[in-house]
**Q** 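If you scroll down you'll find the structure; I have some questions about it.
Everything numeric here is computed off the predicted structure, so don't read it as measured data.
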Amino acid sequence: GYLWGAQVAPLLTTLPADHKTFDVIVLADLIFNHNSHADMLRTCQQSLTRSKDAKVYVVYSHHRPWLAERDMAFFKLAAEEPFNFVVTPLFEVKMPPMFAEDPGDVDVRSTVHGHLLTWPEAALEPAQ
């Protein structure tokens, strides 16, 4: 497996020969891992194509509602130096809770959120 924040070169070797970086990255159900926020963002920063069409989709639920603020800290960090991503909320959808017996507000645990991270204009590579 891959350790967030490690060298991205092994990930990039999985790309087709005509790609040097990823156009799309999906982070699904990961932001509950608060200690890895900076490492996840560093990996995205180093492996996402610097184009206006490049996107990081972040999809999550607050499995531990009492830690929702810490989950959301991911997006604050994403928008700040050194990452500087543009953060755009995409959707909220109600679903059955993943673990019905878990503690915490079931309404909060049942909401699936989607956000988009993109590069600001200043971070884009010049068109070739």
**Q** Between atom NZ of Lys52 and atom OG1 of Thr118, what is the distance when rounded to the nearest 0.5 Å?
**A**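 Interatomic distance, Lys52 NZ to Thr118 OG1, rounded to 0.5 Å: 11.5 Å.
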**Q** I'd like to check Leu48 versus Phe85 (side-chain heavy atoms, cut-off strictly below 4.5 Å). Are they in contact?
**A** yes
**Q** After noting the C-alpha distance and the side-chain angles of Phe83 and Leu77, does the key distance pass the side-chain contact (heavy atoms from CB on, under 4.5 Å) rule?
**A** CA-CA 8 Å; Phe83 305 111; Leu77 183 62; 4.0 Å; yes
**Q** What pair of heavy atoms forms the shortest contact from Ser51 to Trp119, and how long is it?
**A**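 Looking at all heavy atoms of both residues, the closest pair is O-CD1, 3.8 Å.
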**Q** Show, in sequence, the C-alpha distance, side-chain angles and deciding distance for Leu27 and Val56, and conclude whether the side-chain contact (heavy atoms from CB on, under 4.5 Å) test is met.
**A** CA-CA 7 Å; Leu27 301 180; Val56 179; 4.0 Å; yes
**Q** What I'd like to find out is whether the side chain of Pro89 reaches to under 4.5 Å of the side chain of His113, using heavy atoms alone.
**A** no
**Q** Where does the angle between the aromatic ring planes of His115 and Phe75 fall among parallel (under 30°), tilted (30 to 60°) and perpendicular (over 60°)?
**A** parallel
**Q** Pairs in or reaching into residues 54-78: which pass salt bridge (charged side-chain N to carboxylate O under 4.0 Å, His left out), with residues at least two apart or in two chains?
**A** Lys76-Glu80
**Q** Please set out all donor-acceptor pairs under 3.5 angstrom arising from side-chain atoms of residues 5-16, sequence neighbours excluded.
**A**
from, atom 1, to, atom 2, distance (Å)
Thr13, OG1, Pro10, O, 2.7
Thr14, OG1, Leu11, O, 2.6

**Q** Can you confirm whether Lys94 is buried at NZ, in the sense that more than 12 heavy atoms of other residues, nucleotides or ligands lie under 6.0 Å from that atom?
**A**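 Buried by this count: over 12 neighbours within 6.0 Å.
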**Q** Check whether any side-chain heavy atom of Leu117 sits under 4.5 Å from a side-chain heavy atom of Cys44, and report yes or no.
**A** no
**Q** Which is it for Ile31 and His37 under the side-chain contact (heavy atoms from CB on, under 4.5 Å) test, yes or no, and what are the steps along the way?
**A** CA-CA 7 Å; Ile31 66 170; His37 284 180; 4.0 Å; yes
**Q** Apart from Val112 itself, which Ile, Leu, Val, Met, Phe, Trp or Tyr residues share its cluster (side-chain heavy atoms under 4.5 Å, direct or through members)?
**A**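 ILVMFWY cluster around Val112 also holds Val24, Val26, Tyr57, Val59, Leu90, Phe91, Val93, Met95, Leu116.
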**Q** Show, in sequence, the C-alpha distance, side-chain angles and deciding distance for Val87 and Phe74, and conclude whether the side-chain contact (heavy atoms from CB on, under 4.5 Å) test is met.
**A** CA-CA 10 Å; Val87 178; Phe74 176 87; over 6 Å; no
**Q** Are any non-hydrogen side-chain atoms of Asp29 and His63 less than 4.5 angstrom apart?
**A** yes
**Q** Identify the heavy atoms of Arg109 and Gly104 that sit nearest to each other, and give their distance.
**A** NE-O, 3.3 Å
**Q** Indicate the ring-plane relationship of Tyr2 and Trp4, choosing parallel, tilted or perpendicular according to the 30° and 60° boundaries.
**A** perpendicular
**Q** Return the minimal non-hydrogen interatomic distance between Ser110 and Pro97, and the atom names on each side.
**A**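 That closest heavy-atom pairing would be OG-CD, 3.4 Å.
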**Q** Any chance you could lay out the side chain to side chain donor-acceptor pair (under 3.5 Å) test for Asp105 and His62, step after step, and finish with the verdict?
**A** CA-CA 10 Å; Asp105 185 326; His62 298 296; over 6 Å; no
